Amino acid sequence: MNRGLLSIAKKLNKQVDVPTSCAPNSKLFVAGLSWSVDEKSLKDAFCSFGEVTEVYLVDACDLVRIMYDKDSGRSRGFGFVSFSKEDQAVSAKDAMDGKALLGRPLRISFALEKVRGGPVVVPRVPNTGGTPDRNH
DNA sequence: GTTGAGCGTT
């Protein structure tokens, strides 16, 4: 037995699991956008990875959403891009992350599963004391 | 006319 190899193997056997926040999914969090970047520009930048058909270019991204400030109406500089397949999202991230759009470098990360309104509560009748017999 | 890390419905 070679303990040296075991030691090295143990060192190499490091945890490779990534946090859920960084887990690849079909949604991408794009930040570092310029103030003048709109959804159209972002879509044009990301949907270039779509599949090319005989006639049209199929957009890979299903949804492109940029967060705007409701007070001033200007973009907050970040947005979200949704893809049909995780592979496309990973490819798009790998290809566009670190690149520059409209003069500003992009910071792309996998989006968190954020839902409007926060944690959704299962609709349930607040009557947990058991259903009392109304008239019987 | 401004600012620059971030995780969402403007």
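A note on names: the letters A, B, ... follow the listed sequences, proteins ahead of strands, and every chain is numbered from 1. Remember, it's a predicted structure, so these values are computed and weren't measured experimentally.
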Please tabulate, one pair per line, each protein N/O and nucleotide N/O from nucleotides 1-3 of chain B that are separated by under 3.5 Å, including the distance.
unit_1, atom_1, unit_2, atom_2, d
B:dT2, OP2, A:Arg74, NH1, 3.3

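The only member of A:Phe80, A:Phe46, A:Phe78 that meets side chain to side chain contact (heavy atoms under 4.5 Å, CB included) when paired with A:Val30 is A:Phe46.
Of all heavy-atom pairs between A:Asn25 and A:Ala89, the closest is O-CB, 3.4 Å. The shortest heavy-atom contact between A:Leu28 and A:Phe83 is CD2-CE1, 3.9 Å. For A:Lys93 against A:Phe110, the heavy-atom pair with the smallest separation is CD-CE1, 3.4 Å.
A straight line from CG of A:Leu112 to C1' of B:dA5 spans 14 Å, rounded to a whole angstrom. For A:Arg107 and B:dG6, the CZ to C1' distance is 6 Å, given to the nearest whole Å. Between the CG atom of A:Leu33 and the P atom of B:dA5 there is a distance of 14 Å, given to the nearest Å. Rounded to whole angstrom, the span from the CG atom of A:Leu106 across to the C1' atom of B:dG6 amounts to 13 Å. Separating the CD1 atom of A:Ile66 from the P atom of B:dG4 is a distance of 20 Å, rounded to the nearest angstrom. With rounding to whole Å, A:Glu39 atom CD is found 10 Å from B:dT9 atom C1'.
A donor-acceptor contact under 3.5 Å is not formed by the side chain of A:Arg76 with the base of B:dG6.
No contact: A:Gly73 has no heavy atom under 4.0 Å from any strand.
Applying the side-chain hydrogen bond (donor to acceptor under 3.5 Å, both in side chains) rule to A:Ser41 yields the partners A:Asp38; only residues at least two apart in sequence or on another chain are considered.
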